[in-house]
Amino acid sequence: MADYIWLIPLFPAVGFIFNGLFGTKISKGAVSWIACLAVFLSFLTSVAIFFEFLQLPADARVFEINVYSWIASGEVSIPLGFRVDALSLVMAMTVSGVAFLIHVYSIGYMEHDPGFKRFFVELNLFVFMMLTLVTGNSLIMMFVGWEGVGLSSYLLIGFWYQKDSASDAGKKAFIVNRIGDFGFLLGIFLLFFTLGSHGVWTLNFGEIHKSAHLLNGNMINLITFLFFVGAMGKSAQIPLYVWLPDAMEGPTPVSSLIHAATMVTAGVYMIARLNFLYSMAPTTMMVVATIGVLTAFFAATIGFAQYDIKKVLAYSTISQLGYMFVAVGVGAYSAGIFHLMTHAFFKGLLFLGAGSIMHAMSGELDMRLMGGLRKKIPVTYWTFFIACLAIAGIPGFSGFFSKDEILWKAFSSPHGHIMIWMLAALTAGMTAFYMFRLFFGVFYGDCRAPEDVKHHIHESPKVMTVPLMILAFLAIAGGYLGIPHVLGGANLFDQFLAPVLGGGHGHAAAAHASAGFSMVSSAWASTAEAGHGGEAALEMTLMAASVVTALIGISIAWLMYVKNTGMPGKFVAAFPGLFKVVNNKYYVDEFYDFVFVRGIMKAGGVLLKVVDIGIIEGIINGVGALLQWIGGGLRKFETGFVQQYAFGMILGAIIVVGYIVFAPLF
Amino acid sequence: MVVQIPEMDFGWIVPEIAMTVFAAVALLLTLFRKKNSTWLFVEAMPLVGAIVALYFTFQTWNGNIDIFNNLYTIDNFGVFFKGLSLVILILVTLLSYRYIDREDMARGEYYSLLMFGTLGMMIMVSSNNFITIFIGLEVMSISIYILAGLMGGNAKSVEASLKYFLLGAFATAFLLYGIALIYGTTGMLDIREIAGYVNSGNFMVTPTFMAGLALLIVGFGFKTASVPFHMWTPDVYEGAPTSITAYMATGVKAAAFAAFLRVLFTAFHPFLSGWTYMLWILAVATMTLGNITALKQDDVKRMLAYSSIAHAGYILIALTVGDRTLSSTVLYYLLVYSFMTIGAFAVVIILGRQGSPNTGIESYAGLAGRHPVIAAVMAVFLFSMAGIPPLAGFMGKFYVLTDAIRGGYYWLAIIGVLNSVVAAYYYLRVVMYMYFKEPEAEIGAPDVSIGSTLAIAISVVVVFYLGIFPRLFLMIAHTSSAIFM
């Protein structure tokens with residue numbers, strides 16, 4: 001079955017091509033069912049490979065296939081192929097599974113949209129590219145997918161392109177991402193040529209892994225940092241996060257699939273995929289963890305002061321992505337991927353829930369005009385509640401397990417730091433607060449909607465609520481794949497990923513850390529084993545602390561938005577300046593606009609006038625005119641007279657013969 | 001002396017025999033035709049003949065055998081070019097169906113001469129003997145002389161034919177004289193024997209020998225339309241029937257380059273330093289002159305003629321580098337070039353009608369609005385010629401320029417790149433006319449037929465295929481050029 005890994009991205013590609021070419025000829029229903037089926041088949045294929053893998057011993061769970069040799073020239077050869085191992089399987093299953101649910105949900109959500117067919121075509125394109133990204137076996141394939149998801153994200157953010165705000169948001173996302181992609185591309189080139197200078201011309205992950213020891217420390221820090229610049233763009237980290245809130249202009253299923261569950265996590269996947277390089281680059285690791293925790297904290301504060309429910313969720317996504325970077329930045333790659341997966345479930349669910357709320361509220365997004373929806377849309381209410389508990393990290397829900405593993409690693413890993421842990425734990429409390437602020441604001445209290453909207457409030461159709469329920473189930477159950485040892489679990493998730501990512505946990509690490517994988521993680525594993533007893537107590541304490549923080553956050557939210565609803569108003573009145581700054585997202589957008597956008601426009605204007613029009617165009621037009629003039633002159637030689645042509649040939653022959661005969665004599 | 005010809009030798013030349021038979025049958029059918037429906041059989045001959053010949057040609061892949069007392073050779077290099085000639089024959093035939101009816105040309109003669117021309121190409125690319133090469137060249141050339149003038153009522157066509165014949169005869173004389181001088185100094189006609197002789201150590205470089213080599217360059221330079229032996233090209237390409245122009249620009253050029261490459265790389269490789277600077281100058285002159293003169297052309301057909309001169313210049317870059325391991329680049333370039341050129345000429349054909357060829361650039365104004373598909377495919381061919389990825393022309397140029405850089409010919413590579421910038425101007429000018437200009441005059445519906453549609457469709461697909469997936473054919477080209485190693 002693993003031979004057929006290329007089927008995983010192929011199905012959505014076929015769906016994309018088929019619907020793209022013939023979509024206008026067939027009915028809406030057929031388009032949407034083909035699109036859903038395509039993604040579902042990808043999901044089935046990944047699950048089938050997963051079960052096949054479970055039969056194999058852990059170290060045999062890698063399979064690679066090159067489908068086409070794209071470039072082969074001398075010692076440089078660039079085949080295009082796929083790689084299936086534990087990591088790409090987890091990603092493929094998560095992506096295709098969540099994507100399938102969101103596809104189904106979209107059938108209901110987009111039902112009355114005139115662009116219904118185009119939506120499914122572009123959604124299939126996205127899934128195709130995303131699956132290429134996670135199953136590719138080389139940096140080239142990853143980059144193809146990386147750019148492909150960027151393109152489909154651009155198309156889908158600007159889906160309602162008639163709206164200026166939507167097409168602007170699309171452009172913003174694309175341009176900001178290009179900055180990151182530029183860094184990523186530089187990193188790829190640098191790695192390619194550095195390895196090439198040692199005689200290893202490759203971009204294949206496995207081969208890079210084998211030859212990584214050829215790279216020296218500074219070079220590896222630089223390369224991994226450049227990769228991380230790419231991740232900053234794609235995964236919305238400081239300072240390139242500004243596009244993600246604007247990306248909420250796209251339809252809600254798009255926000256859910258692309259800008260919460262899958263695409264934005266590509267940066268985390270990339271670092272996990274290249275973990276062997278990052279583990280050799282302690283400086284970059286520190287940068288990654290620091291940027292991650294700062295982003296997590298900073299975005300959470302903005303989440304406090306937003307009223308637009310999708311904006312709150314957007315900042316929460318940025319914040320949660322920050323967590324994932326903390327994880328991979330402290331070397332806890334599998335914890336990062338674990339959180340990536342649980343986040344895909346609960347954040348996908350939150351966005352779909354928000355879509356369902358919008359559906360009920362005739363498209364309203366402002367939580368100040370909601371309230372009291374608990375009874376009117378019960379399915380949305382319950383599933384949203386579960387998602388909020390999960391993201392807040394309440395024990396028993398998936399977010400608890402994944403977030404707690406990250407917090408523990410941030411504290412205990414040699415790459416970690418107590419400050420990182422403190423900031424991350426504080427952010428956990430803040431997350432609980434702003435999520436429940438949203439939750440209580442929407443579902444409790446009196447309904448503040450205008451009368452005409454109030455009459456229409458209704459639960460969404462089955463095609464939307466069933467995906468909500470499935471995701472809610474996953475948002476709870478997903479966490480039980482990774483119950484930590486300290487709670488008596490076996491952390492199956494970590495074990496499964498261990499052959500690729502190296503184990504983070506004592507026994508697992510010692511047993512599975514693949515040969516040559518960083519010395520750091522094995523050293524860490526042995527310390528963990530040495531002080532096992534004390535460690536366990538400490539881990540329990542920290543866990544309790546973070547749960548308490550989360551509960552405090554929820555309680556404050558309850559106090560402010562249910563019990564004593566006057567409080568937020570008083571708070572705003574007491575600190576009007578602070579509120580304004582946070583509500584306006586610290587004016588970062590304005591700052592970027594002033595410095596970069598306008599600065600560049602101005603510089604561009606000067607360059608245009610002086611350099612472009614004056615110098616370059618002058619030269620170009622001059623050369624062009626000169627060549628045209630010469631061409632006109634040469635044209636006159638074509639007289640049409642055979643005698644002259646023959647004479648020309650004789651002259652030519654004399655020159656050629658003369659040169660060849662007499663040149664050797666000199 | 002009794003020359004023994006083993007019977008089995010004939011098994012290797014079934015493609016050539018097939019071509020001859022089908023060409024002869026086409027003529028005979030024309031002669032003894034009773035009804036109009038006979039034309040159907042005549043028209044089918046080149047297609048059926050080419051497919052039969054292609055089939056048997058592929059059977060000889062990896063044959064590697066000398067037959068008829070070393071006068072004829074079956075090797076992969078020959079098979080590659082025979083295959084290319086036959087594919088070109090198929091495409092040109094498809095283009096011709098409607099066109100020669102429209103222009104009222106003699107059908108029987110047209111198709112059989114087309115096949116005889118192809119036969120000549122097949123012969124000249126499969127021999128290591130000067131005499132056989134020369135015979136092939138002449139069979140090809142004489143067929144083309146006639147074909148160029150087949151548009152009887154058209155003065156330009158007759159003029160083109162006569163010019164081509166006079167200058168061609170002239171060039172043939174140079175070539176033959178070159179062969180004679182080499183035979184005079186070495187006593188050999190087989191280029192591999194010559195190669196063995198010049199490498200043997202008994203060999204002394206004499207001016208006579210070098211003059212022979214120089215005259216060979218002149219002769220082949222004419223057939224490949226290289227500067228300064230290119231003067232006939234614009235007039236002949238413009239005057240000849242467009243389908244024959246396409247045939248000359250692709251088939252004749254490919255076959256001439258093939259023979260040129262074989263002769264130079266087999267026999268004269270040790271004199272690399274002797275002619276490398278000469279070829280350098282020829283390459284630069286050919287590219288630059290072709291491109292710069294094309295800038296001022298307002299007639300698309302004539303512009304394409306200059307563009308084909310410029311492309312010969314790019315191929316000369318690869319010859320100049322002279323690395324025998326890299327000669328696959330030439331093969332690949334010719335392959336790519338053939339498809340995009342035939343495609344472009346096909347579009348030129350379907351835009352014309354009887355009496356008004358509509359080859360002026362103003363006829364292309366606003367084409368995108370009226371016939372979006374035709375404009376789009378023309379744009380594909382033009383972009384490919386300009387060397388824009390992911391089209392085949394890009395890959396062709398890419399490999400040529402890479403070779404130049406590998407060989408240390410940096411200036412040649414730089415001039416090549418600058419030249420493609422210049423070339424982009426006149427290619428894109430047509431695109432600009434098609435997409436951004438309002439039409440000045442109505443040129444009427446395009447003369448589309450099943451044949452031309454098929455030819456264009458094949459060319460478009462191949463141009464994309466070779467551009468995106470170059471590897472397979474690059475490997476084939478590599479295997480084919482292995483004879484030089």
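Sequence lines set the chain letters: A, B, ... in the order given, protein chains first and strands last, and positions in each chain run from 1.
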Taking everything shown except B:Phe209 itself, do over 12 heavy atoms lie less than 6.0 Å from its CZ? yes

With a 4.5 Å cut-off on side-chain heavy atoms, are B:Ile217 and A:Ile660 touching? yes

Taking every non-hydrogen atom, the tightest pair across A:Gly632 and B:Lys296: N-CG, 3.4 Å

Once rounded to the nearest 0.5 Å, what's the spacing between atom CZ of B:Phe170 and atom CD1 of A:Ile650? 3.5 Å

Top of B:Leu295, B:Val218, B:Asp235, B:Leu282 for chain A proximity - count of heavy-atom pairs under 4.5 angstrom: B:Asp235

Considering residues, nucleotides and ligands other than B:Tyr177, do more than 12 of their heavy atoms fall under 6.0 Å from its OH? no

Counting only heavy atoms not in A:Phe192, do more than 12 fall under 6.0 Å of its CZ? yes

Chain A contact via B:Ala171 - side chain, backbone, both or neither, heavy atoms under 4.5 Å: both

Can you find a pair of side-chain heavy atoms, one from A:Val656 and one from B:Phe229, that are under 4.5 Å apart? yes

Side chains of A:Gln628 and B:Tyr425 in contact at under 4.5 Å (non-hydrogen atoms): yes

Interatomic distance, CE@A:Met649 vs CH2@B:Trp232, rounded to 0.5 Å, equals 10.0 Å

Residues of residues 465-473 of chain B contacting chain A, heavy-atom criterion under 4.5 Å, by residue number: B:Ile468, B:Phe469, B:Pro470, B:Arg471

Under the rule for salt bridge (Lys or Arg N to Asp or Glu O under 4.0 Å), what residues qualify as partners of B:Asp298, not counting sequence neighbours? B:Arg429

Okay, B:Val227 and chain A: the region with an atom under 4.5 Å from a heavy atom over there is neither

Report, as yes or no, whether the 6.0 Å neighbourhood of atom CZ on B:Phe398 holds more than 12 heavy atoms from other residues, nucleotides or ligands. no

At their closest point, which heavy atom of A:Val657 faces which heavy atom of B:Ala214, and how far apart are they? CA-CB, 3.5 Å

A:Lys171: partners by salt bridge (Lys or Arg N to Asp or Glu O under 4.0 Å), with sequence neighbours left out: A:Asp168

Is chain A contacted by the side chain of B:Leu166, its backbone, both, or neither, given a heavy-atom distance below 4.5 Å? side chain

Quick one: pull up CE in B:Met231 and CZ in A:Phe641 and give me the separation to the nearest 0.5 Å. 12.5 Å

By salt bridge (Lys or Arg N to Asp or Glu O under 4.0 Å), which residues pair with B:Lys397, not counting sequence neighbours? none

Scanning both residues in full, the closest heavy-atom pair of B:Pro228 with A:Gly652 reads CG-CA, 3.6 Å

